[in-house]
Amino acid sequence: MDTNNEKAFENDEKIEKIARVGAVIRELIGERSIRKTAEESGVAASYITGILKGRYLPSAEILRKLAMPKAKPQNGVTLEDLMIAAGYQDDYIDIIPSGEYDEDIFIREITENKNDPFAAEERLKQHREDMRKYREESHRFELTAEGAIGRKLIERGIEYSVALRYEKRIKGYKPDFPLSISNHKIEQWWFDFKYFNDDKIPPNSLQIKFRLGKYMFLESNAKRKISLVINDSEKFDEIIMYRNHLSYRGDLSVILLDKDTYDVVSEVYLSYFDENDHSSEILLINKKENMKNEKES
């Protein structure tokens with residue numbers, strides 16, 4: 001790709017991000033005025049207007065201010081939703097539990113709460129410990145999920161090899177576990193992992209919506225399949241409601257792992273490259289077992 005094409009691609013990508021984050025911020029504003037949102041978040045009204053009009057791609061710091069509890073974000077919009085929309089979903093941002101307080105809030109409580117600063121300080125310590133444990137659990141889930149996927153592929157007689165990790169993001173997206181598949185219409189199978197912890201992540205349909213939304217901007221590819229791997233049956237049921245309602249043209253599925261054993265429980269296609277031709281379908285779990293597990297659940 002020559003320099004001019006590269007610049008054009010980067011510009012198109014930035015325009016897409018601005019449009020996505022603008023849509024999420026409209027949800028965040030809700031029924032409030034821009035002026036009221038500015039007062040509660042500390043972000044200038046003129047800057048918020050500029051984002052909504054497509055002039056600016058806000059920084060992570062601006063998004064953090066808009067998503068803080070004191071800013072009163074509407075419609076369940078979280079920092080993660082904003083970060084994903086803006087293409088900032090790196091490994092750290094991706095595992096921030098929705099609804100958690102920002103550390104700045106705890107620190108402010110320590111300095112402002114003269115009656116009991118120690119209580120706020122203890123909450124900050126607990127918050128940091130929760131985050132540490134969550135990251136450990138999330139990393140453990142990813143490693144265990146990779147092993148479970150590998151075992152299932154071998155059981156199904158599907159030949160595969162681990163592809164090189166993607167160093168550069170493709171339109172703000174990078175697969176967690178990319179595989180090359182042999183002797184099949186699907187030559188690339190990309191897996192994304194999302195670990196849910198009931199104590200840290202409350203139900204949030206918008207969070208799911210924008211997690212799926214990051215796939216919508218990828219170019220169609222008849223030889224590629226993407227699967228989102230999760231560990232929460234309620235989130236799984238919520239995600240499969242989007243089946244046949246996504247604008248993404250490509251093979252996309254959601255896979256549920258058992259919370260305790262990490263066995264593959266179910267896999268459901270959300271979309272196909274060709275809705276009239278499912279011959280490229282490839283599953284980690286056979287259809288009989290899939291149907292049996294769905295009935296039991």
4.5 Å side-chain heavy-atom contact, Phe141 and Leu257: yes
After noting the C-alpha distance and the side-chain angles of Val162 and Leu179, does the key distance pass the side chain to side chain contact (heavy atoms under 4.5 Å, CB included) rule? CA-CA 5 Å; Val162 179; Leu179 299 182; 3.9 Å; yes
Evaluation steps, side chain to side chain contact (heavy atoms under 4.5 Å, CB included), between Ile48 and Ile29: CA-CA 10 Å; Ile48 295 174; Ile29 291 171; 4.1 Å; yes
Test of understanding: with side chain to side chain donor-acceptor pair (under 3.5 Å), list the residues that count as partners of Ser280, not counting sequence neighbours. Asp251
With a 4.5 Å limit on heavy-atom distance, are the side chains of Ile158 and Asn183 in contact? no
Counting C-beta onward and ignoring hydrogens, is there a side-chain heavy-atom pair between Phe236 and Asn231 closer than 4.5 Å? no
Verify the distance criterion only: is there a donor paired with an acceptor across the side chains of Glu137 and Tyr195 at less than 3.5 Å? yes
With a 4.5 Å limit on heavy-atom distance, are the side chains of Ile18 and Tyr56 in contact? no
Can you name the residues that form a side-chain contact (heavy atoms from CB on, under 4.5 Å) with Asp263, not counting sequence neighbours? Thr261
Decide side chain to side chain contact (heavy atoms under 4.5 Å, CB included) for Leu79 and Met68; before the verdict, give the C-alpha distance in whole Å, the side-chain angles of both, and the deciding distance to 0.1 Å. CA-CA 8 Å; Leu79 176 59; Met68 286 177 69; over 6 Å; no
Find out whether His184 and Ile282 are in side-chain contact, i.e. whether some heavy atom of one side chain is under 4.5 Å from a heavy atom of the other. yes
One should read off an interatomic distance between Arg20 CZ and Ile15 CD1, to the nearest 0.5 angstrom, of 12.5 Å
Do the side chains of Ser279 and Lys185 get nearer than 4.5 Å, heavy atoms only? yes
Side chains of Val21 and Pro58: closer than 4.5 Å at any heavy-atom pair? yes
Taking Glu136 first and then Lys133, would you say they form a salt bridge - that is, a charged N and a carboxylate O separated by under 4.0 Å? no
Evaluate side chain to side chain contact (heavy atoms under 4.5 Å, CB included) for Glu187 paired with Ile181, printing each intermediate quantity in order. CA-CA 5 Å; Glu187 296 178 359; Ile181 305 299; 5.7 Å; no
With His139 via side-chain contact (heavy atoms from CB on, under 4.5 Å) - residues at least two apart: Leu143
For Tyr269, enumerate each residue passing the side chain to side chain donor-acceptor pair (under 3.5 Å) test, keeping only those at least two apart in sequence or located in another chain. Lys225
So, is the end of the Arg224 side chain (NZ or CZ) under 6.0 Å from the ring centre of Trp190 and within 45° of the ring's axis? yes
Would you call Glu238-Lys235 a salt bridge at under 4.0 Å N-O? no
Under the rule for side-chain contact (heavy atoms from CB on, under 4.5 Å), what residues qualify as partners of Ser247, not counting sequence neighbours? Met216
Does Glu31, at its CD atom, have more than 12 non-hydrogen atoms belonging to other residues, nucleotides or ligands within less than 6.0 Å? no
Taking the side chain from Arg243 and the backbone from Leu270, do they hold a donor-acceptor pair closer than 3.5 Å? no
With Ile25, the side-chain contact (heavy atoms from CB on, under 4.5 Å) member among Ile62, Ile51, Val77: Ile51
Quick one: which residue pairs count as a side chain to side chain donor-acceptor pair (under 3.5 Å) with a foot in residues 33-50, not counting sequence neighbours? Arg32-Glu40
Tyr272 and Asp277: side chain donor to acceptor below 3.5 Å: no
If we only count heavy atoms from C-beta on, is the Trp189 to Ile226 side-chain gap below 4.5 Å? no
